[in-house]
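The analysis underlying the following values was restricted to heavy atoms, covering all of them including side chains, and did not include hydrogens, waters or symmetry mates.
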Amino acid sequence: MSYLWLGAAPPHSLAYPARAWAELLDLEDPSNSGARRVADAVRWLEKNGFIEVENRAGTPNVVHLLSDDGRGKPYELPGAAYNRLSQKGSPAARRHRYIQLPPELWTSGWMAVLSASALAMLIILYTHTGTKDPEGEELWIAPDYATQTYVLAEETRTRGLRELQLAGIITVRRRELVANDSFDFRRFRNVYRLQPSALRLPAFIPATSRRIQALTTQDLDD
């Protein structure tokens, strides 16, 4: 994600030392163990067809972005790909629809603080918000839909949403479902609202907070 953020402009190539990426992600000991973690990640990305690495002696290697579908093709901005394929009437255009994440994810340090589960759920919530006002849109994601569409385990979804709530990035409200008749049981579900303004604050996730309601697996599955 950091490569896509910094390498969006043509020629979609980056040449920063591993230490710099380790510092950006706030890894421990960025010059040594942090840099090794970055190097391991770079090797994984290259092996799986997301980047191409040009080795240069004495200077940082050049990373060339490839298509983010892992097929090893040259990187193309999703908007350009969508327009190109739409003009041809190709159904493949839908695969290139995209969302924009707030730059504060990086500039406020959230990329270094949020877990993979929280980042996954944040991206999903922004995807469901689309072009609407995030703070004015209440979202609900059915557990079965999350499993089938995003291949997310229940534990991943639960842990990610709880972390986002603790960080103040989302709020959670219990909403009663409209009953079909007077004899129906009262049913509730949790709905989520993004709080983009929280991303502008320095990244911090409190261990406990009285103002945050506790989430349970049962709550999230309602």
Side-chain angles (χ1 to χ4, degrees), residues 1-5 41 44-45 47-51 66-73 75-79 81-83 85-86 89-102 105 110-111 114-167 169-180 184-196 199 205 212-222:
M1 289 178 64
S2 296
Y3 278 162
L4 291 173
W5 180 52
W44 187 94
L45 290 170
K47 179 181 178 181
N48 287 275
F50 291 101
I51 62 173
L66 299 178
S67 174
D68 51 9
D69 60 9
R71 299 183 181 184
K73 297 180 179 179
Y75 182 77
E76 183 179 13
L77 289 173
Y82 179 82
N83 292 334
L85 293 171
S86 293
S90 172
R94 292 184 56 83
R95 195 172 67 234
H96 296 278
R97 297 178 66 182
Y98 67 98
I99 60 168
Q100 289 183 312
L101 296 174
L105 272 174
W110 290 104
M111 284 296 293
L114 293 175
S115 68
S117 299
L119 282 172
M121 292 310 303
L122 184 63
I123 292 171
I124 289 171
L125 291 174
Y126 267 104
T127 298
H128 282 263
T129 300
T131 58
K132 299 176 183 177
D133 176 17
E135 294 191 8
E137 190 72 10
E138 285 191 334
L139 305 167
W140 177 72
I141 303 172
D144 290 345
Y145 180 84
T147 300
Q148 296 171 9
T149 305
Y150 302 109
V151 198
L152 286 180
E154 175 186 317
E155 181 183 357
T156 300
R157 184 172 57 89
T158 301
R159 186 171 59 246
L161 289 170
R162 181 183 293 115
E163 185 176 324
L164 292 174
Q165 188 191 17
L166 286 171
I169 297 173
I170 65 171
T171 57
V172 183
R173 184 175 73 86
R174 296 282 282 174
R175 187 172 71 187
E176 184 175 2
L177 302 182
V178 178
N180 292 326
D184 277 350
F185 289 105
R186 295 179 66 191
R187 298 184 60 213
F188 298 84
R189 68 170 50 144
N190 281 340
V191 291
Y192 312 99
R193 192 190 299 269
L194 286 162
Q195 303 295 317
L199 295 173
I205 302 176
I212 299 294
Q213 75 175 79
L215 291 180
T216 66
T217 301
Q218 183 178 357
D219 287 337
L220 293 171
D221 285 343
D222 287 343

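Aromatic ring orientation, Y145 versus H128: perpendicular (interplanar angle above 60°, classes split at 30° and 60°).
Residues A167 and I205 come closest through the heavy atom pair CB-CG1, 3.9 Å. Of all heavy-atom pairs between W140 and N190, the closest is CD1-O, 3.1 Å. What you find for Y82 and H96 is that their closest heavy atoms are N-CB, 3.9 Å. Of all heavy-atom pairs between L199 and P102, the closest is CD1-CG, 3.7 Å. The two residues F50 and S67 have their closest heavy-atom pair at CD2-O, 4.1 Å.
Annotation: side chain of T127 is in contact with side chain of Y150 (closest heavy-atom distance under 4.5 Å). Annotation: side chain of L105 is not in contact with side chain of W5 (no heavy-atom distance under 4.5 Å). The shortest distance between side-chain heavy atoms of I169 and W110 falls below 4.5 Å. For the pair E163 and S117, the minimum side-chain heavy-atom distance is 4.5 Å or more. With a 4.5 Å cut-off on side-chain heavy atoms, M111 and L119 count as touching. Put simply, the side chain of T149 does not reach to within 4.5 Å of the side chain of I124, judged on heavy atoms. A 4.5 Å side-chain heavy-atom check between L164 and L194 finds every atom pair outside the cut-off. Between R157 and T147 the shortest side-chain heavy-atom distance does not fall below 4.5 Å.
Each of L122, L166, L125 was evaluated against L161; a single residue qualifies, L125, per the side-chain contact (heavy atoms from CB on, under 4.5 Å) test.
One finds the CE atom of M121 at 4.5 Å from the CD1 atom of I141 (value rounded to the nearest 0.5 Å). Of the inter-residue distances, the one linking E154 atom CD with D144 atom CG reads 10.5 Å to the nearest 0.5 angstrom. Separating the CG atom in L66 from the NZ atom in K73 is a distance of 12.0 Å, to the nearest 0.5 Å. If you take CD on Q195 and CD1 on I170, they are separated by 9.0 Å, rounding to the nearest 0.5 Å.
Residues passing the side chain to side chain contact (heavy atoms under 4.5 Å, CB included) test with L4 are L65, D68, Y75, sequence neighbours excluded.
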query: Can you check side chain to side chain contact (heavy atoms under 4.5 Å, CB included) on M1 and L101, steps first, answer last?
result: CA-CA 10 Å; M1 289 178 64; L101 296 174; 3.5 Å; yes

query: Given the rule in the side chain to side chain contact (heavy atoms under 4.5 Å, CB included) test, do V172 and Y192 qualify, once you have shown the distances and angles that lead to the verdict?
result: CA-CA 5 Å; V172 183; Y192 312 99; 3.7 Å; yes

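Annotation for R95: atom CZ counts as buried by contact number, over 12 foreign heavy atoms lying within 6.0 Å.
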